Amino acid sequence: SCPSAGIIFCTAPVTAQFGPDGSFAASQPDVDCQRGAPTKWNGRTLSCRRIDDERASCRDSGRPELGIPAQEQEFRRAP
C-alpha cells in the first residue's frame, strides 16, 4: 500500500532517445525508494511527438498489470 503521509525519496535513471523523425521516447525502470515509508516507484515509458515549439504530446505506457492505464500527457514549455 502507498504511504498516506510524510516524504519519500526516490531516484531512477531516465533513458531518452530522439528519433530521426523528430519523435522522442523516454523510459524509467522500477526502483525501490531510499527514504521514508517502504515505497516502490513504478517505472514507465513515454512516447512523445512534437506539436510545436511550445508543446509535446506524450503517451504514457501505464502499467496495466498494476491497474494503471495508459494515458496522454501534454508538456508545455515554461513561460
Side-chain angles (χ1 to χ4, degrees):
S1 71
C2 292
S4 58
I7 296 173
I8 58 172
F9 180 78
C10 308
T11 59
V14 174
T15 302
Q17 183 174 13
F18 288 94
D21 60 353
S23 63
F24 177 77
S27 63
Q28 195 173 35
D30 292 347
V31 295
D32 292 320
C33 298
Q34 292 83 21
R35 291 195 303 244
T39 307
K40 184 177 202 88
W41 174 267
N42 294 315
R44 53 190 45 186
T45 300
L46 291 175
S47 298
C48 307
R49 64 179 173 78
R50 180 179 179 270
I51 297 172
D52 56 33
D53 287 345
E54 303 295 320
R55 299 176 299 149
S57 176
C58 298
R59 178 88 174 151
D60 182 322
S61 64
R63 294 295 296 268
E65 72 278 11
L66 299 175
I68 302 169
Q71 59 184 325
E72 293 289 329
Q73 299 180 34
E74 184 174 285
F75 290 89
R76 295 174 184 246
R77 186 181 302 244

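Fair warning: this is a prediction, and the values are worked out from it, not measured in the lab. Nothing fancy with the numbering, it's 1 onward along the sequence.
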At what distance, to the nearest 0.5 angstrom, does CG of D60 lie from CD of E72?
-> 9.0 Å
What heavy-atom pair brings P13 and P29 nearest, and what distance separates the two atoms?
-> O-CD, 3.2 Å
Please round to the nearest 0.5 Å and tell me the distance separating atom OG of S61 and atom CD1 of I68.
-> 9.5 Å
Roughly how far apart are N42 CG and L66 CG, rounded to 0.5 Å?
-> 5.0 Å
Would you find a donor on one side and an acceptor on the other, under 3.5 Å apart, between the side chain of R44 and the backbone of Q28?
-> no
Rounded to the nearest 0.5 angstrom, the CD-SG distance for Q73 and C58 is 7.0 Å
Could you give the distance from OG1 (T11) to CD (Q34), rounded to the nearest 0.5 Å?
-> 4.0 Å
Compare every heavy atom of G43 with every heavy atom of R63, then report the nearest pair and how far apart it is.
-> NH1-O, 3.0 Å
Under 4.5 Å between side-chain heavy atoms, chaining through other members, with only Ile, Leu, Val, Met, Phe, Trp and Tyr counted: pull out the rest of the cluster around V14, sorted by chain and number.
-> none
For F9 and C33, the nearest pair of non-hydrogen atoms, with its separation, is O-CB, 3.4 Å
Tightest non-hydrogen contact, residues S27 and T45, listed as CB-OG1, 3.7 Å
Residue E74 excluded, over 12 heavy atoms near CD under 6.0 Å = yes
If we only count heavy atoms from C-beta on, is the S23 to R49 side-chain gap below 4.5 Å?
-> no
